[in-house]
Structure formats: structure tokens, C-alpha cells
Amino acid sequence: MKNSILLFITIVSVFSFNCFAQKARVSAAEKKYGNYAYIDAIKTYKRLAEKGYKSADMYQKLGNSYYYNAELDQAAKWYGELFAMTSDVEPEYYYRYAQSLRSIGENDKANEMLEKFNQMSGNDTRGKLFKNNRSYLDKIKENSGRFQVENAGINSKYSDYGSSIYLNKIVFASARDTGSLGQRKHAWTNQYFTNLYVADLGDAMTPGGVNKFDKNVKSRFHESTPAFTKDGKTMYFTRNNFLEDKKGKDASGITLVKIYKASFENNQWTNITELPFDNNNYSTAHPALSPDEKTLYFASDMPGTLGQSDLFKVKINDDGSFGTPENLGNTINTEGRETFPFVTDENEIYFASDGHPGLGGLDIFVSKINADGTFYEVQNVGADANSPKDDFAYLIDTKSRRGFFSSNRDGGQGYDDIYKFLETRRLTCEQLLYGEITDLATAEVLPNAKITLLDDKLNLISTAVSDEKGNYSLPVECGKRYSVRAAKEEYTTKEQIVTILKENGKTHLPFALEKATCKVAVGDDLGKCFGIKMIYFDFDKSDIRIEAALDLEKILDVLNQYPAMKLDIRSHTDSRGSFKYNEALSDRRAKSTINWLIKNGVAKNRLVGKGYGENLLVNNCSDGVKCTEDEHQLNRRSEFIITAL
């Protein structure tokens with residue numbers, strides 16, 4: 001008994017000690033986790049899990065640690081352990097688990113998690129996007145196979161990412177060990193802090209040898225994702241909150257990241273300053289300039305952010321000052337992460353997101369920027385550029401269709417790698433909407449007419465102006481329905497609806513504009529003011545049709561404005577049919593036109609008219625002469641000749 005009691009005491013003591021030790025390790029892991037030291041947290045949590053220690057909170061944090069470090073296959077494993085233990089978790093974990101499952105090809109289970117996420121999350125944009133795009137994998141498949149992708153040739157065994165073009169060079173961030181004894185590692189990733197490196201670009205945008213970028217930009221912490229003005233004299237870049245050897249921290253003691261500006265003077269980068277909208281309590285990162293260099297796009301979690309990080313834009317004023325940052329809105333931003341923007345000279349914005357439907361992790365997406373600053377439908381650029389892992393920091397030269405992106409996909413050299421690509425096929429089918437703007441009455445071309453393109457919800461997309469020959473052209477998307485307006489001073493604005501074919505090519509849409517004011521004299525045809533060539537009747541009938549009534553309303557309006565005006569209304573036919581029949585039919589139609597006007601309030605003594613049949617042909621298309629339908633049409637006409645004013 002004594003021995004048994006002693007053994008019992010020994011077991012309890014050991015168990016108590018182990019529990020205390022495990023709790024101490026959990027406490028240490030949580031401290032590292034709270035300080036964003038995810039690699040160290042992973043090691044501690046894994047050791048505990050391997051010893052059989054189980055905790056939903058531990059599995060959650062272990063999954064997060066891998067998720068935040070883009071190791072989604074491992075995140076899937078530990079989120080799986082979490083959900084095996086409990087389903088009583090926040091909706092966000094259903095989404096993260098779905099993203100992680102997607103990275104290992106378990107799409108059916110990922111969709112199941114997204115279904116539950118959508119049920120639990122209420123108005124979360126990501127849930128709505130999934131619900132409205134259940135066949136998104138088919139769409140991604142359609143968009144795939146458009147890239148020839150290869151290693152950029154500048155990668156190391158460390159993290160290399162976030163490239164930018166600078167005076168025919170590529171500048172990028174790298175955590176490669178430069179050999180310095182003082183080189184420091186970041187606890188979050190266990191990687192060296194990143195600095196900027198540069199390589200010349202040769203034929204086909206192939207990078208050459210890699211060199212350090214500029215010692216004046218380098219700090220003891222992270223530098224990454226530069227953006228340069230075309231003249232190479234101004235640079236915006238991301239850096240930890242560190243300036244003049246002073247490290248800034250937020251309220252929790254964490255050093256976040258900011259966007260800095262530098263100028264190139266005397267062959268070196270100098271005047272490094274943080275931007276005025278930076279703040280110690282939120283991050284700003286990954287700057288990108290608009291082609292006209294008047295707008296800076298960036299990622300941030302500043303107040304007003306919809307999700308974990310959003311894309312913003314800010315105006316750069318002529319004096320170098322900045323406006324107020326604007327959120328790009330919920331067409332682009334979700335409750336997830338949107339980051340790494342890039343804007344082309346074709347009014348496209350590319351960005352990375354884990355909130356829009358993708359293949360797993362961050363995917364690369366693109367949207368057209370409308371003329372009013374709104375955005376068109378967001379599209380996944382497809383596989384090859386995207387993978388089940390993180391794909392981001394996309395840039396493209398729109399002329400050569402060559403560019404670079406970053407990824408931590410399988411088969412790389414390091415933690416992140418830079419890949420170069422050639423886009424062999426455009427994402428969207430290309431169509432050109434074109435036409436001529438003419439005067440409805442005279443058919444003369446109208447230069448300097450404004451053409452406005454709107455989508456099916458009447459959102460402004462783009463505008464154009466007709467050239468000296470009256471021609472205009474606008475790029476449009478295949479299969480889309482548009483409203484198109486043509487406007488010119490002294491003319492009535494006209495709008496037409498057009499549906500573009502679902503194939504590459506051109507769509508013709510001419511406009512004939514009516515003069516807002518039409519100068520007429522006795523003997524003129526009032527119908528020419530409004531382009532009325534004929535009052536249409538059903539075959540072999542003289543009843544006024546609906547479309548004919550619309551034209552007669554125009555005549556009626558003018559007669560009401562000018563009570564002294566009198567008209568001689570003449571109806572003509574082509575030569576087909578017998579002479580007698582044509583004359584009788586045209587006479588009935590002239591009288592029907594007169595009766596319609598009288599019925600609608602015009603005094604009978606202001607109107608005369610008759611039918612002339614085929615008596616007054618305007619061409620040689622008489623009996624026995626072979627003519628086209630268009631030539632016969634010229635003779636089938638209605639005239640409203642002014643006899644008094």
C-alpha cells in the first residue's frame with residue numbers, strides 16, 4: 001500500500017510538472033504569436049501537438065501561423081484538427097480553412113466550407129462572391145493557358161519578390177544573405193530582412209546580374225516594393241516604420257510598415273520622407289503609380305478599410321502634396337486581403353487578393369478602370385500566373401505583353417520567387433466599336449461630336465470624339481451590352497443600345513444626328529429636318545403604324561409651334577406593281593397622314609396632299625429596269641413640302 005501510495009504521488013507529481021511545463025510552453029508560444037513571431041510559435045505549438053497536447057485555441061493559432069506564412073498545406077492540416085475538435089469557431093476560420101483546402105486540391109470540401117461560411121457570415125462580400133460565382137473554377141479555366149512562365153533567373157534560396165521596372169532595370173526585394181555578420185532575421189518568417197536589389201534587363205526583359213540597389217535606401221529592417229516615376233527621379237517604396245535610426249511602434253508596441261518617398265540627386269537616393277497619410281497605428285504598403293503619375297495606389301488597413309487590407313488611391317498634386325486617400329470600394333475590396341496593386345496604361349488595375357474566388361492563397365486579379373474612376377467586373381487572370389499558393393506583385397509591359405510576378409508556388413528556389421512571363425493571349429476577347437457621325441438631313445460628316453460609352457447599368461466607361469471625317473472608335477468587351485450616346489452642339493443627343501459579338505473583331509454603330517434647330521423656307525421639305533424618309537404603313541395598307549406616328553409627332557410639334565405654316569403632303573411609291581394601283585395606294589396613304597394630323601388638332605385648311613404613285617421617281621428604276629432594294633427604297637418616300645410660313 002505504501003509503495004502504491006508513493007507511486008501514485010510520483011505519477012501525480014510528474015503529471016503536474018508536465019502540465020505546468022506545457023502551460024509554460026503554451027504561454028511562451030502565445031507571446032511569440034502575439035508579437036507576430038509566427039515561425040517560433042509554429043515550432044513551440046508543433047512540439048506540444050506532437051506530445052499529444054490538444055487545444056482548439058492552439059490548433060487555431062497553429063493554423064493561423066502557417067496561414068499567415070502562406071504555407072497553406074500545413075494550415076489545412078491544423079485547421080482540420082481544429083474543426084475535428086469543434087465547429088464553434090468564428091466564420092473567418094471557415095473561410096481560411098476553405099482557402100487552405102483549395103491549395104491542396106480539395107475543392108469539394110473547400111466549397112462545403114465556403115457554403116457554411118456564407119451562411120454564417122451575413123453580408124460578407126466573400127460569401128456573396130462565392131454564392132454568385134459557384135462555377136468560378138470553370139471561369140478560371142477559361143482564363144487559363146495564356147502565359148508562358150519561367151523562373152526570372154534572379155532568385156536566391158531566400159525570399160525574392162515585388163519587382164518594379166526602373167530605367168530598363170528590374171528592382172526587387174530580397175532577403176538573400178549578403179554576407180554581412182550583422183545581417184538580421186525577422187522572427188515572423190525566420191528570413192533575413194529584405195533589401196532592394198537591381199538587375200539590368202536585356203532582350204525579352206531577361207534580367208542580368210544582380211547588385212545591391214542603393215545603400216542610402218537600406219535600413220536595418222524591411223525595404224520592398226518600389227515604384228518609380230518615368231524620369232527615374234522619384235521613388236516610392238515600402239519600409240518598416242523606421243526613419244533616421246528611430247523605430248516607430250503602434251499602441252501594441254508593433255512596428256508596422258509605411259510608404260516612403262525618395263528623390264534621386266547627385267547619383268544617389270536621398271531626401272527619404274514618409275508620406276503624410278502614413279501612421280504609426282496602421283500600415284501603408286506596396287505603392288503603384290498611375291500612368292500619368294498623378295495618382296498613387298497602395299494597400300493599407302487604415303480606418304475605412306473593408307477587410308484585412310484594402311486598396312486605396314490618393315491624388316498627387318502638382319506641388320507634390322497629396323490629397324485624401326480614397327478606398328477603391330467593394331468592387332475591388334473584400335473582407336479579405338487585397339494588396340500589391342499595379343496600374344497599366346490600358347486603364348487596368350492588377351492586384352492580389354484572397355477575398356475574390358481563386359485557386360487558393362493570394363491570386364492575381366484584374367479589373368478595368370472606368371472613366372469615372374469606378375471599376376468593371378473583377379476577373380481572375382487564370383492558372384499559370386495563379387497557383388494553389390500565393391501569387392502576387394504582378395506587372396506587365398502592355399506593348400510586349402511581358403512582365404513579372406511573385407509566387408511561393410511549389411518548385412521554386414526560395415521562400416518566394418520572381419517569375420517572368422509572356423502573355424500569349426489577352427484575357428478578354430477584343431472588340432472595337434466604331435462608326436460615323438453624320439447630319440441626319442444632309443448626310444454631311446460631323447467632326448468633334450462626343451461619343452459616350454455606358455454599361456448596361458448606365459455607368460460611364462469611356463468617351464471619344466469624332467475626327468475630321470466624322471469617325472470614332474472605342475474599345476469594348478465581347479458579349480457585353482452597352483448604351484452609346486452621340487452629342488454635338490446644335491444637335492439633339494441620340495442614344496443607341498448595342499450588343500457586342502462574343503468574338504474578336506469590330507462592331508459598326510453609325511449615328512445620324514438631328515439638328516436641334518432647322519432653318520426652312522417655303523418649298524423645303526420639313527421631313528428632312530428630322531430625317532423622315534417615309535411614313536411607314538403595313539403592306540398594302542394605309543393605316544398609320546406606331547413607328548410612323550412617332551415621326552408624325554415631330555411634324556405635329558412643328559405645326560403647333562408655327563401656326564401659320566402650311567404643308568403639302570406627298571406620298572410616293574416605287575415602280576413595282578401596276579401604275580394605277582400605286583397611284584391609288586399612295587393617295588390613300590397621303591390622306592391617312594393628313595387625317596392623323598387633323599385628328600390631333602391641326603386645322604384642315606393648313607394641309608393638302610395627294611399620292612403620286614410612281615410618277616415622280618428620283619432615279620431610273622422604272623418598269624423593266626433591274627434595281628436593288630435600296631434603289632427602290634429611294635422612290636418609296638413621304639414629303640412634307642412647306643407652302644406657307
Visitor: Could you tell me whether the side chain of S321 and the main chain of N317 form a donor-acceptor pair under 3.5 Å?
Guide: no
Visitor: Between R402 and D397, is there a side-chain N and carboxylate O pair less than 4.0 Å apart?
Guide: no
Visitor: Check the surroundings of atom NZ in K233: do more than 12 heavy atoms from other residues, nucleotides or ligands lie under 6.0 Å from it?
Guide: no
Visitor: I'd like to know whether N151 forms a side chain to side chain donor-acceptor pair (under 3.5 Å) with Q413, so could you lay out the CA-CA distance, the side-chain angles of the two residues, the decisive distance to 0.1 Å, and finally the verdict.
Guide: CA-CA 9 Å; N151 189 298; Q413 288 180 233; 3.1 Å; yes
Visitor: Taking the side chain from N143 and the backbone from I140, do they hold a donor-acceptor pair closer than 3.5 Å?
Guide: no
Visitor: Say whether E293 and T229, considering side chains only, have a donor N or O and an acceptor N or O under 3.5 Å apart.
Guide: no
Visitor: Do D160 and Y415 have side chains that approach each other closer than 4.5 Å (heavy atoms only, starting at C-beta)?
Guide: no
Visitor: Between N459 (side chain only) and D455 (backbone N and O only), is there a donor and an acceptor less than 3.5 Å apart?
Guide: no
Visitor: Consider only side-chain N and O atoms of Q308 and D301, and report whether a donor and an acceptor are under 3.5 Å apart.
Guide: no
Visitor: For D310, does its backbone N or O pair with a side-chain atom of T305 as donor and acceptor, under 3.5 Å?
Guide: no
Visitor: Just so I know, are the side chains of L62 and E81 near enough to count as touching, which here means a heavy-atom distance under 4.5 Å?
Guide: no
Visitor: Decide if atom CG of D203 counts as having more than 12 heavy atoms of other residues, nucleotides or ligands within a radius under 6.0 Å.
Guide: no
Visitor: Identify, with sequence neighbours excluded, every residue that meets side chain to side chain donor-acceptor pair (under 3.5 Å) alongside N267.
Guide: none
Visitor: Which word best sums up how the rings of F228 and Y166 line up, parallel for under 30°, tilted for 30 to 60°, or perpendicular for over 60°?
Guide: parallel
Visitor: Quick one: is the NZ or CZ of R176 closer than 6.0 Å to the six-membered ring centre of Y158, and within 45° of its axis?
Guide: no
Visitor: What class does the angle between the rings of Y236 and F322 fall in, given that below 30° is parallel, 30 to 60° is tilted and above 60° is perpendicular?
Guide: perpendicular
Visitor: Please determine, by modelled atom types, if T452 and T463 share a side-chain donor-acceptor pair under 3.5 angstrom.
Guide: no
Visitor: Starting at OG1 of T295, measure out to CD1 of I316 and round the result to the nearest 0.5 Å.
Guide: 7.0 Å
Visitor: Could you give the distance from NZ (K258) to CZ (F277), rounded to the nearest 0.5 Å?
Guide: 11.5 Å
Visitor: Taking only Lys NZ, Arg NE, NH1 and NH2, and the carboxylate oxygens of Asp or Glu, determine whether E92 and R96 approach each other closer than 4.0 Å.
Guide: yes
Visitor: Ignoring hydrogens and angles, tell me if any N or O in the side chain of K218 forms a donor-acceptor pair with the backbone of K212 under 3.5 Å.
Guide: no
Visitor: Check for a donor-acceptor pair, side chain of S144 on one end and backbone N or O of A383 on the other, with a separation under 3.5 Å.
Guide: yes
Visitor: Could you check whether F298 and H286 have their ring centres less than 6.0 Å apart?
Guide: no
Visitor: I need the Y79 OH to L72 CG distance, nearest 0.5 Å.
Guide: 9.0 Å
Visitor: Are any of the side-chain nitrogens in K389 or D410 under 4.0 Å away from the carboxylate oxygens of its partner?
Guide: yes
Visitor: List the steps and the verdict of side chain to side chain donor-acceptor pair (under 3.5 Å) for K261 and T234.
Guide: CA-CA 7 Å; K261 179 182 178 182; T234 302; 5.6 Å; no
Visitor: Does the separation of the ring centres of Y161 and Y419 fall below 6.0 angstrom?
Guide: no
Visitor: Whether the D73 and Y66 side chains hold a donor-acceptor pair (N or O, under 3.5 Å, no angle test) is what I'd like checked.
Guide: no
Visitor: Mark yes or no for whether Q99, through its side chain, and D354, through its backbone, hold a donor-acceptor pair below 3.5 Å.
Guide: yes
Visitor: Just verifying a value: how many Å separate I418 CD1 and I170 CD1, rounded to the nearest 0.5 Å?
Guide: 5.0 Å
Visitor: Can S407 and D391 be counted as having a side-chain donor-acceptor contact under 3.5 angstrom?
Guide: yes
Visitor: Quick one: does I369's side chain get under 4.5 Å of E348's, heavy atoms only?
Guide: no
Visitor: May I ask you to test the T339-F351 pair for a side-chain heavy-atom distance under 4.5 Å?
Guide: no
Visitor: Between D417 (side chain only) and N155 (backbone N and O only), is there a donor and an acceptor less than 3.5 Å apart?
Guide: no
Visitor: Hey, what do you get for CG (D231) to CZ (F264), rounding to the nearest 0.5 Å?
Guide: 11.0 Å
Visitor: Between CZ of R146 and CG of L427, what distance do you get to the nearest 0.5 Å?
Guide: 4.5 Å
Visitor: Applying the salt bridge (Lys or Arg N to Asp or Glu O under 4.0 Å) criterion to E346, which one of K368, R401, K399 satisfies it?
Guide: R401
Visitor: So with a 6.0 Å cut-off around CD of E90, is the heavy-atom count from everything else above 12?
Guide: no
Visitor: If we count only N and O atoms by modelled type, under 3.5 Å, do the side chains of S263 and N271 hold a donor and an acceptor together?
Guide: yes
Visitor: Sub-3.5 Å donor-acceptor pair from the side chain of N333 to the main-chain atoms of L311, do we have one?
Guide: yes
Visitor: Is a side-chain donor or acceptor of N386 paired with a backbone partner of I364 at a separation under 3.5 angstrom?
Guide: yes
Visitor: Hey, what's the ring geometry for F147 with Y394, parallel, tilted or perpendicular (30° and 60° as the breaks)?
Guide: perpendicular
Visitor: Mind checking side chain to side chain donor-acceptor pair (under 3.5 Å) for T374 and listing every partner two or more places apart, or none if nothing turns up?
Guide: N370, D372
